[in-house]
Amino acid sequence: MTTLAEELNPVSPEKLVVDAVSKTFRARRSAVPALDNVSLTVQEGEFVCLVGPSGCGKSTLLNIIAGLEKPDSGQVLADGKAVTNPGRERMMMFQESALFPWLDVINNVMFGLKLKPNLNHQERREVAEYYLHLVGLDKFLEANVHELSGGMKQRVALARALAPNPRVLLMDEPFAALDALTREQLYSDIQRIWQERRKTIIFVTHNVREAACLGDRVVVFSPHPGRIREQFSIPLPRPRDINSVEVAQYSGEIVKALKQYLPATPETVTANS
Amino acid sequence: MTTLAEELNPVSPEKLVVDAVSKTFRARRSAVPALDNVSLTVQEGEFVCLVGPSGCGKSTLLNIIAGLEKPDSGQVLADGKAVTNPGRERMMMFQESALFPWLDVINNVMFGLKLKPNLNHQERREVAEYYLHLVGLDKFLEANVHELSGGMKQRVALARALAPNPRVLLMDEPFAALDALTREQLYSDIQRIWQERRKTIIFVTHNVREAACLGDRVVVFSPHPGRIREQFSIPLPRPRDINSVEVAQYSGEIVKALKQYLPATPETVTANS
Amino acid sequence: EKVVLRVGHFSNVTHAQGVIGHGLSRQGKGWFEARLGPNVEVQWFVYNAGPSATEAIFAGSLDLTYVGPNPAINAHLKSRGEEIRIVAGACSGGAALVVPPDGRIKTDADFRGKKLATPQFGNTQDVAARAWLQSKGFRVRMTGGDVLVVPTANADQLPLFTQGSLDAVWTVEPWVSRLVLEANGKVYLEENSLWNQTQGKYVTTHLVSRVRFLNQHPELVKQWIAAQVELTTWIKQHPDEAKKLFNDEIKVETTKALPAPTLNRAWEHLTLTDDPIRASLVKSANDAHRIGFLKSEPDLSKIYRLDLLNAVLREKGMPEVP
Amino acid sequence: MKRRLIAALFFLMLLGIWELLCRAKIWSPVMMPEPLAVGEYLWESLRDGTLGQATLVTLRRLLIGYLAGVAIGLPLGLLTARFKTVEDTLGVIALGLQTLPSVCWVPLALLWFGQTEMAMLFVVVMGSVWSVVIATDNGVRTVPPIYARAARTMGSRGLHTWLKVILPAALPFIVSGMKQGWAFAWRSLMAAEIFVTILTGFGLGHLLHYGRELHAMDQIIGIMLVIIAIGLLADKILFSPWEKYLHRRWGTD
Amino acid sequence: MKRRLIAALFFLMLLGIWELLCRAKIWSPVMMPEPLAVGEYLWESLRDGTLGQATLVTLRRLLIGYLAGVAIGLPLGLLTARFKTVEDTLGVIALGLQTLPSVCWVPLALLWFGQTEMAMLFVVVMGSVWSVVIATDNGVRTVPPIYARAARTMGSRGLHTWLKVILPAALPFIVSGMKQGWAFAWRSLMAAEIFVTILTGFGLGHLLHYGRELHAMDQIIGIMLVIIAIGLLADKILFSPWEKYLHRRWGTD
Ligand SMILES: Nc1ncnc2c1ncn2[C@@H]1O[C@H](COP(=O)(O)OP(=O)(O)OP(=O)(O)O)[C@@H](O)[C@H]1O
Ligand SMILES: Nc1ncnc2c1ncn2[C@@H]1O[C@H](COP(=O)(O)OP(=O)(O)OP(=O)(O)O)[C@@H](O)[C@H]1O
Ligand SMILES: [Mg+2]
Ligand SMILES: [Mg+2]
């Protein structure tokens with residue numbers, strides 16, 4: 001049996017390998033090649049950001065890593081084992097919060113915990129409260145989802161994703177629908193939590209500045225079909241400020257690279273929106 | 001009979017006088033003093049911005065000027081005549097677009113025109129098309145409201161407000177719900193249109209940078225009860241860029257003044273959100 | 001100017017004068033029309049239950065109708081004596097209590113806890129059945145009691161009786177005959193055995209008139225009564241022709257003629273009469289009051305207007321009615 | 001394509017089993033007619049005009065009563081939304097009568113109007129009017145006040161505002177109320193026709209009733225099929241276009 | 001306070017005028033009873049137990065039939081939403097039968113089950129089940145797929161997803177479908193009771209019918225009032241709490 005202490009402790013090293021994954025969506029008449037022979041290795045505890053214009057297959061790749069979709073060819077290895085199904089070790093966060101409106105905040109966070117064996121109700125509640133505290137929402141345990149602001153919703157979603165203590169966090173544009181101010185607060189929150197809980201994070205975004213601010217590494221995609229084009233290391237110290245000159249410099253570099261691959265549609269990726 | 005040419009031409013000089021207006025909202029138990037002895041004079045063709053924290057009575061003042069509400073004491077003079085009812089000479093634009101979802105774009109713009117006598121259907125349509133062209137929406141005459149983005153909606157609302165050729169445009173935080181990029185485009189649009197069509201504009205906002213960028217004059221309100229505290233002239237040349245250093249300097253000054261009047265709640269007004 | 005006379009009846013043997021009159025009108029050989037003259041147009045309406053007919057009288061959409069005694073009493077009392085008058089009789093007898101052949105009911109005591117069907121809530125047989133049950137010492141309420149009286153449409157009674165869902169049926173011709181002939185029912189009690197004070201006669205059908213119409217056109221009503229008296233006599237003299245006329249019209253109205261044995265048996269158990277048999281009506285009303293259908297002591301002082309009938313009978317040299 | 005095929009196959013099989021059960025006398029003909037008998041009945045009654053006439057009678061009653069109901073309900077709903085006094089009086093009555101199954105009006109209607117067309121119309125009106133009143137009231141109340149204010153600044157006043165702003169803005173609610181009113185009116189008319197003989201014409205309900213009286217199962221099932229068809233058609237013809245229009249305009253769904 | 005007063009005054013006046021019109025013989029007592037007579041009838045029939053018993057009989061029929069309808073409809077709705085084949089077959093049947101006024105089942109029910117409790121239950125079930133099927137199906141289809149995906153990443157599978165995610169997410173639709181089913185069931189039960197004698201017990205509909213047979217206007221109006229009261233109460237007791245809960249949770253309205 002896992003004890004409460006174990007449950008809240010950091011976990012053993014591990015890494016993700018995406019190995020020559022391809023995926024084409026076939027409709028009645030058309031076939032959209034979403035990913036073409038994509039390979040990527042993520043180290044234990046690494047914070048990797050994927051940027052690229054709309055439709056370049058970022059979400060598709062994340063879904064495949066999560067096990068929500070199957071690749072046409074290639075495979076994803078987590079800890080050396082092939083991923084075939086979604087699992088608690090790899091939690092996903094979506095652009096819309098996907099919180100369950102029929103549950104209050106704490107029960108949303110406890111949803112995943114209830115599916116974890118070896119924990120009694122009291123322990124589950126404690127874990128949930130711990131993570132809600134981590135995201136700064138101690139006061140809203142019993143609130144209804146619709147009573148929360150957009151930023152608070154994504155905080156709850158983050159707590160819900162963290163609660164089952166996954167090794168990998170897959171985040172699909174989690175902050176895209178928020179306003180600039182709220183977003184900035186969440187940048188520092190996510191950096192703080194990442195440092196405290198040592199997760200491996202794959203973070204998808206449109207926003208290059210965001211990627212440069214958060215990632216250890218930024219992976220640039222190009223569309224039709226989705227391919228990895230370039231990778232940038234961002235060796236800046238943390239916590240980083242999105243408005244800092246250093247971040248702006250890196251993001252400038254990345255934007256330059258991006259523009260190479262998409263001469264036609266410059267407005268889809270913006271350096272700072 | 002007004003001809004189409006006259007309809008689209010600039011109008012004779014005119015000004016607005018707000019004379020010692022007070023207004024208190026009385027509910028069953030409580031009484032909220034919204035405006036206390038507010039006086040303000042606006043020149044023909046002037047662009048005046050009202051800034052102040054939430055609840056300082058900006059919307060109330062605008063409603064009174066529009067004739068949608070009655071002051072408890074004092075009066076509003078338009079062209080020397082007392083305002084008692086809403087009228088086509090003073091058009092209002094709201095934060096939410098207030099477009100009618102049961103009409104398409106062009107019919108929304110024509111709604112006000114249909115209430116104007118002395119125009120036949122063909123002329124009305126031409127006027128509506130002219131203004132939709134002015135805001136850059138020629139391609140969306142027959143679109144449904146829900147098919148437009150937030151920025152496009154406010155453009156249509158602007159065209160609708162301009163179409164009956166009012167002398168005064170009252171704008172109540174028209175861009176507050178938009179994202180930064182869209183907002184910036186609209187700043188230049190509104191400046192261009194203001195210069196082309198020579199309207200008198202009263203523009204309410206939370207955003208001091210926005211006020212400094214748009215206004216000839218910025219009027220600072222303080223709440224409980226709503227009072228005018230200070231006025232700033234912004235003698236910068238147009239078109240102005242919201243990211244320019246000069247605008248930033250003026251807005252810094254205004255923020256400083258604002259902070260004097262509201263020590264307790266600094267987050268309600270931001271220099272740049 | 002033509003006067004329109006709207007007349008109602010049921011598709012039932014107990015309304016033989018109405019059915020045959022309607023049939024003759026349909027064939028263009030109008031019995032009543034011939035006797036009312038060219039200025040009168042007769043419109044026939046077919047009802048399937050007393051209340052619908054009296055409703056039509058209330059609503060002013062019907063002038064004369066053949067109807068059973070209790071709906072007439074009810075309508076008279078509920079309208080405080082202002083809407084309808086009985087102007088003649090039409091039919092007597094024909095009601096009986098029928099039980100299944102399986103012998104589940106042998107004596108009066110066997111009715112306890114059983115289901116007894118009547119054609120309609122508060123109609124003549126319903127009142128008679130409840131009154132009889134009470135006289136046998138059973139406690140009977142409107143919707144419960146020692147014996148459950150279930151008002152069930154005649155058409156439903158037959159299948160339910162055949163299935164054995166009903167333990168007894170108190171109904172009227174031709175249904176008594178159908179129960180006996182088609183479902184092997186046994187007549188437990190002929191209702192005329194209960195009417196000693198009127199020599200076994202009791203009213204089954206009346207002719208009823210709307211008060212306002214009666215006041216406007218008394219002469220017309222009198223002519224109608226005269227025609228009916230002649231028709232009654234004719235029917236009695238020509239039973240076979242009458243039965244054929246009757247059955248032809250029934251076939252038109254209900255799409256199905258009565259089988260000959262049923263019609264014959266039913267015909268024998270009925271007496272067509274122009275006498276409204278006042279004494280039996282009074283007793284029915286008192287029974288209805290005793291059982292609780294009528295809240296107050298029934299006041300029937302104004303329900304009859306028999307001077308027209310008696311005038312007709314006088315003119316024809318027939319005995320007048322009380 | 002493949003889905004359609006499977007569905008068609010399923011329904012054919014259903015018919016087959018039904019016919020078989022009847023043929024094998026497992027289902028007695030007084031309990032269930034053969035499918036062929038139903039078809040025959042429908043064909044016969046179509047040919048001799050019974051069916052067509054009954055359908056016409058029923059539809060005329062329904063349409064007239066329903067249109068009257070909507071014509072009465074709409075202004076009443078606007079009144080309850082506009083005036084507090086009307087809301088407190090008529091609105092309360094509407095709420096109560098809305099929960100009253102309109103078939104309960106049948107006995108009263110018969111007493112008041114006799115077995116006439118008016119009685120039927122009354123029942124249909126009572127079935128539809130309250131749903132329309134309540135939906136209109138509700139719709140008008142949910143109209144964002146900003147629409148009316150925007151219209152006022154553009155010079156709209158009084159009746160113009162009601163007709164050109166409030167009413168169209170409340171339309172989605174009104175249409176769904178009208179749909180409910182239709183469903184209730186249709187149901188109560190059927191109930192009334194099945195159980196009450198109306199001297200001025202036989203409707204579909206009467207045919208259904210006579211089917212029972214004659215134990216003609218083919219007629220019962222046949223008429224039920226016709227009633228289903230009419231219900232589906234009414235939906236397609238009366239409400240689908242409106243709803244599609246609203247969805248397209250409002251962008252709901 | 002003032003509004004209540006005006007409303008109360010209005011209703012008192014209404015009663016007063018009604019009483020006056022009756023007293024002055026402008027309204028005949030066969031067309032409209034005096035209000036006092038209605039009160040008297042209600043009091044009398046309450047005292048002698050007729051009213052109480054009839055209410056019980058009706059409510060028992062309604063509740064049992066309705067619960068059966070929901071219990072059958074819910075899983076069927078889930079099935080039609082889950083399996084294309086069920087959608088193409090059962091779903092089509094549900095759509096058709098939903099438009100069929102359930103009172104049309106009365107003749108069939110009487111032939112199949114006789115004048116028994118089963119016939120009434122059958123009609124009530126037919127009244128409620130299709131609304132529930134369609135609302136459930138519709139509700140499940142509108143559940144944003146992201147809920148199910150989020151649940152899957154948290155380890156939810158199969159039945160757990162259906163019970164803990166799909167069903168609660170579809171609840172607002174299901175409840176409104178249940179409400180519609182209730183309205184239809186209530187209406188068809190009343191229709192059936194008014195027009196058909198059931199050998200196993202007299203319900204409110206029967207009392208209404210007997211009121212007509214006896215021309216007892218006080219009874220007719222009295223029973224109608226009782227039916228309205230029950231309708232309002234049912235709404236308050238059965239659905240209001242659910243709807244309030246949903247509004248609070250979902251933040252709708
Ligand atoms: N379920 C699906 N069926 C068919 N095509 C799909 C499906 N999901 C995605 N696609 C297509 O695959 C391509 C990649 O989609 P994906 O959602 O992964 O892009 P993305 O990079 O996440 O874009 P965005 O930034 O807009 O979210 C797109 O062209 C999209 O249209
Ligand atoms: N209709 C009303 N009834 C009662 N109080 C009102 C009403 N409208 C406004 N108030 C109150 O009057 C005060 C001024 O309101 P107003 O809307 O004019 O402020 P504002 O400056 O526009 O604020 P914001 O920036 O939030 O729009 C507030 O305290 C508000 O609560
Ligand atoms: Mg995506
Ligand atoms: Mg405001």
Side-chain angles (χ1 to χ4, degrees), chain B residues 59 62-63 65-69 83-105 107-117 119 128 142-149 153 156-166 168-172 174, chain D residues 70 74 77-78 81-82 84 87-88 132 135-179 239-253:
Chain B
S59 296
L62 225 57
N63 284 334
I65 296 175
L68 285 167
E69 270 175 51
V83 166
T84 52
N85 268 313
R88 265 187 296 280
E89 331 74 68
R90 295 178 309 285
M91 276 298 185
M92 185 127 173
M93 244 185 96
F94 304 91
Q95 173 168 354
E96 316 120 79
S97 70
L99 294 181
F100 301 147
W102 59 94
L103 298 176
D104 59 13
V105 165
N107 273 303
N108 261 289
V109 176
M110 281 165 73
F111 186 93
L113 292 171
K114 285 191 182 151
L115 287 158
K116 237 181 150 165
L119 280 177
E142 258 90 49
N144 292 316
V145 169
H146 70 92
E147 294 161 354
L148 307 177
S149 71
K153 277 186 197 152
V156 177
L158 184 58
R160 185 171 74 169
L162 290 169
N165 201 14
V168 180
L169 218 51
L170 306 170
M171 306 175 84
D172 193 359
Chain D
V70 172
L74 256 177
L78 292 180
R82 175 71 185 74
K84 285 224 188 329
E87 180 195 346
D88 291 343
V132 176
T136 308
D137 178 280
N138 197 358
V140 169
R141 277 173 210 284
T142 8
V143 172
I146 200 164
Y147 290 156
R149 309 183 87 198
R152 276 182 70 200
T153 65
M154 287 188 276
S156 172
R157 292 275 177 288
L159 196 66
H160 184 271
T161 310
W162 280 88
L163 290 182
K164 297 286 185 169
V165 183
I166 309 278
L167 213 56
L171 208 57
F173 282 83
I174 295 176
V175 167
S176 82
M178 281 171 66
K179 209 171 158 183
F239 297 106
S240 269
W242 282 83
E243 289 178 328
K244 275 202 195 118
Y245 169 80
L246 289 176
H247 281 168
R248 195 162 45 75
R249 267 283 193 248
W250 258 250
T252 44
D253 199 326

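This is a predicted model, so every value here is computed, not measured. Every chain is numbered from 1 and lettered A, B, ... according to where its sequence line falls, protein lines coming before strand lines.
Of the atoms belonging to D/Arg248, heavy atoms from both backbone and side chain fall under 4.5 Å from chain B. For a residue to count as touching a neighbouring chain, one of its non-hydrogen atoms must lie under 4.5 Å from one of that chain's; by this rule B/Leu103 touches chain D with the backbone only. Interface residue B/Asn63: only side-chain heavy atoms are found under 4.5 Å from chain D.
The candidate with the highest count of non-hydrogen atom pairs below 4.5 Å against chain D, out of B/Pro101, B/Ala66, B/Gly112, is B/Pro101. Counting heavy-atom pairs under 4.5 Å between each of D/Pro172, D/Ala151, D/Pro144 and chain B puts D/Ala151 at the top.
Counting only heavy atoms from C-beta outward, the side chains of D/Leu246 and D/Val175 approach each other to under 4.5 Å. D/Arg149 has its side chain within reach of B/Glu69: a pair of non-hydrogen atoms, C-beta onward, lies under 4.5 Å apart.
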Could you walk me through whether B/Trp102 and D/Tyr147 satisfy the ring pair (Phe, Tyr, Trp, His ring centres under 6.0 Å) test, starting with their C-alpha distance in whole Å, then the side-chain angles of each, then the deciding distance to 0.1 Å, before giving a yes or no?
CA-CA 11 Å; B/Trp102 59 94; D/Tyr147 290 156; 5.5 Å; yes
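If you take CG on D/Leu167 and CD1 on D/Ile174, they are separated by 4.5 Å, rounding to the nearest 0.5 Å.
Put simply, the side chain of D/Lys179 never gets that close to the backbone of D/Phe239: no donor and acceptor are under 3.5 Å apart.
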